[in-house]
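Reading through the structure tokens given below for one structure.
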Amino acid sequence: MVNNTIKPFLSSAFTDCIFRRTDPSAPLPPPDHGELRVRVLAPVVLPSEEIALAGSSPALGSWDTVKALPMNDSSFPYWEINLPAKAVIGAEYKFIVRDKTTGDVTAWEEGYNREMQHATQSEELCFRGRERWWHGSGVAIPVFSLRSDKDFGAGDFLDLELMADWAADSGMNFIQILPVNDTTMTRTNSDSYPYHANSSFALHPLYLRVDEVGTPKNPDDREKFDKLRRHLNSLPAIDYAAVTNAKEEYMRLIYTEQGNQTLNSREFSRFLVRNYIWLLPYAAFCVMRDRNNTADFRQWGGASHYSSDLVADLMHDSAEEMNFIFFMQYHLDRQLRRARDYAHSRGVALKGDIPIGISSDSADAWQYPDLFNLNCQAGAPPDDFSIMGQNWGFPTYNWQRMAHDGYSWWRRRLQKMAEYFDAYRIDHILGFFRIWQIPKESVHGLLGHFSPAMPLSPEDMSRLYGFSFDPAFLLPGMPTDGFSSQRAALEAGRNDLLEAFDDVLFVQDSSHPECFHPRIAGHKTTHYAALPENQRRAFDRLYEDFFYHRHNEFWRQQAMDKLPALVNATPMLACAEDLGMIPACVPQVLDQLQILSLEVQRMPKEYGVEFGHTDKYPYSSVATTSTHDMSGIRRWWAESPERSGRYARHILGLSDNNIPPEATPEICRTIVNRHLTSSSMLSILPLQDYLSADGSIRRKNPEEEQINNPSDPHHYWCYRLHVNLETLPLYIR
């Protein structure tokens, strides 16, 4: 029986990349009459190693590991061998791992000796042991943040080849990036937010290396773009709008010169056939967006509702615009596939990022409006990084409708990702258990509630907790100057009133208006302060049970209804972003499905613990020092000297006299190396934190290293490396 802990090693990250056989054996012929076929599943084997069969009979080498029989790896991760039945039946044997060059044994199979039987040929054999032997590492960096001599003001897909060289030469196995889908909505810097895509399938034109596609024939055009490229590439940060507009202008010239040749090619025809189900609606969406100067398709008049007839009309009336979009996506696809293949050649896997949400102004919402709750907003409850909660503005999913066809939209989305990536980070995996749903008229995340959930009626509150519900608890306890909602106050410029609307003790359920949810962090409201002591205690019991106990089995079942179909839709390695307010059922589900959890030392999952211990992380996890939503090691260290002092004493073991006011290169190297030697299967750290360990290369101002500020909904995502990949020093542990 296959051990569940082997499942991650059966992903394409290992079978097609890290452990892939660079020189596989020729396939074995079928066993002859009198031969026995032995087949074993053994995925955790380095390319420099082989599986061999050692046993007690002379035909099996009489336990001499030098004479042990090498097995065929043509069906890796399965290993096979044909044996003369008469010579081996009844013999004891084990599988061993052996270095192919030296013949040295690197691992014996654990447990009892096996006995060779005729039935062996039909048994599912699995190599015992080594499931927790392998530990890998990687680097996390957005593609747009890369910098090389060949860029045009922002990192592009082909920069991943240089990044793969750096990772491989530094002894790493993974490159983790942020979402790379098209986010073009307004053609301004507000489009820089990578989690607000106009398509869950289309790639962003920002990442195209335009001069790989072609060079303008006109010398004046070449001079103009070369000058612009040098200027944009010299900037310390990305000028997002300038880069995207310049690349589009460049590509329109190239399309004019060679578009017909490309569109008539056999390779392009194959690309179109593979992708038409999303490509045509996406191209139509882009044409209508530009024609109407808005991505809000509700303002498109007769085109507000998607139809195949509309797409057909656009293919006829706006053929050049549609074809130009096809042309761009074709070349983006080619370049990302090239980067993936190169990374594979260096033993480096690409890890993508799949956002939990989609934009309400997207080709997906336009084409499939019934799959989404477009009258709601998704977000997250408050945490240490955003005390008002987060409002992402995305619609929530209509999971009941999605279930009707086996979540086909999600499966196609993941299958598209699997064309480029061998692993993926499931952004906010808690959304598959329950999502934080916020009314459309609200701005702050505080006014949301979990969905699906089991809200409470007033009778429930009284019967279960002894709490007396009052409809006034739904109304702000502070003056709102006559405004009906946060959205109305915001539109009138009264930002000073937004917090007044948060001052409620309960929020109404969006599907069952007769039932209610206690407002998250309701203890901070004026309503709570005014409660009699006995009612405060009753509310405390209600609150504790509601958020930490009541939904545990309910949410577990919600996740198990969805996630198995999705993680099994592709061979990619699934990794969770499971930070925040975590239901108790989450670790159980992740372990059952072998989805790797995320471990961040400053956000431990053990209640009452300030810092995690890297040597106690679960093996099926990804360890990291920080994420794109957090400050890096250096900025975090300086933000709170009291906190970093406790970390230095209790985690690093420093005395008070040896705690520096800033994170020195030595401090950073210690922290990085502790993560690289953690008990997690994978340690993937931001490139900025690797560079922090080198005083000669790290950025002067650590404030400039943070990629996103989640408390600012208008944050401009423009972080870029300050050094070129060509001159980036390797990380030496």
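- Atom CZ in Arg602 sits 6.5 Å away from atom CH2 in Trp636 (nearest 0.5 Å).
- A donor atom on one side chain and an acceptor atom on the other are not found under 3.5 Å apart for Asn373 and Asn398.
- Salt bridge present: Glu577 and Arg425 bring a charged side-chain N and a carboxylate O closer than 4.0 Å.
- Residues Asp191 and Thr183 have side chains that never bring a donor and an acceptor to within less than 3.5 angstrom of each other.
- Ser620 and Gln594 share a donor-acceptor pair across their side chains, judged by distance under 3.5 Å alone.
- In this structure, Glu606 places its CD atom where only 12 or fewer heavy-atom neighbours from other residues, nucleotides or ligands lie under 6.0 Å away.
- A salt bridge does not link Arg289 with Asp361: none of the charged nitrogens is closer than 4.0 Å to a carboxylate oxygen.
- Under the 6.0 Å distance and 45° angle rule, Lys562 counts as a cation-pi partner of Trp399.
- With 3.5 Å as the limit, one finds a donor-acceptor pair spanning the side chains of Ser631 and Glu639.
- At a cut-off of 3.5 Å, with distance as the only test, no side-chain donor of Asn181 or Ser199 sits close to an acceptor on the other residue.
- At a threshold of 4.0 Å, the pair Arg550-Asp545 does not count as salt-bridged, since none of the basic side-chain nitrogens sits closer than that to a carboxylate oxygen.
- Here the two rings, on Phe539 and His523, have centers that are under 6.0 Å apart.
- Side-chain contact between Ile238 and Ser192 is absent, with no heavy-atom pair separated by less than 4.5 Å.
- Applying the ring pair (Phe, Tyr, Trp, His ring centres under 6.0 Å) test to Trp300 and every residue at least two apart in sequence or in another chain returns Phe285, Trp366.
- Each of Phe450, Phe433, Tyr548 was scored for a ring pair (Phe, Tyr, Trp, His ring centres under 6.0 Å) with Trp555, with one residue passing: Phe450.
- Glu533 pairs by the salt bridge (Lys or Arg N to Asp or Glu O under 4.0 Å) definition with Arg537, not counting sequence neighbours.
- A 6.0 Å sphere centred on NE2 of His512 holds no more than 12 heavy atoms belonging to other residues, nucleotides or ligands.
- From Asn198, atom CG reaches atom CZ of Phe201 across 12.5 Å, with rounding to the nearest 0.5 Å.
- To the nearest 0.5 Å, the span separating CD1 on Ile595 from CD1 on Ile429 amounts to 4.0 Å.
- A distance of 6.0 Å separates CE in Met388 from CG in Leu446, rounded to the nearest 0.5 Å.
- When the options His444, Gln486, Met478 are evaluated for a side chain to side chain contact (heavy atoms under 4.5 Å, CB included) with Phe501, the one that passes is Gln486.
- Comment: Arg646 engages Glu610 in a salt bridge, judged by a side-chain N to carboxylate O separation of less than 4.0 angstrom.
- Crowding of Glu499 atom CD: a count of heavy atoms from other residues, nucleotides or ligands under 6.0 Å not exceeding 12.
- Atom CG of residue Leu505 and atom CG of residue Asp470 lie 10.0 Å apart, to the nearest 0.5 angstrom.
- Salt-bridge check for Lys605 with Asp578: passed, with a basic side-chain N closer than 4.0 Å to an acidic carboxylate O.
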Take Phe546 and His517 through the ring pair (Phe, Tyr, Trp, His ring centres under 6.0 Å) test and state the conclusion after the steps.
-> CA-CA 8 Å; Phe546 190 87; His517 304 245; 5.6 Å; yes

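- Cation-pi contact between Arg634 and Trp637: absent, since separation from the ring centre below 6.0 Å together with deviation from the ring axis within 45° is not met.
- For the pair Arg541 and Tyr465, the cation-pi test (distance below 6.0 Å, angle within 45°) is failed.
- Side-chain polar atoms of Thr184 and Asp182 form a donor-acceptor pair below 3.5 angstrom.
- Remark: Arg536 is positioned above the aromatic ring of Tyr528, its terminal NZ or CZ atom under 6.0 angstrom from the ring centre and at most 45 degrees off the axis.
- We find the CH2-CD1 distance between Trp410 and Ile354 to be 5.0 Å, quoted to the nearest 0.5 Å.
- Residues forming a ring pair (Phe, Tyr, Trp, His ring centres under 6.0 Å) with Tyr193 (at least two apart in sequence, or on another chain): Trp717.
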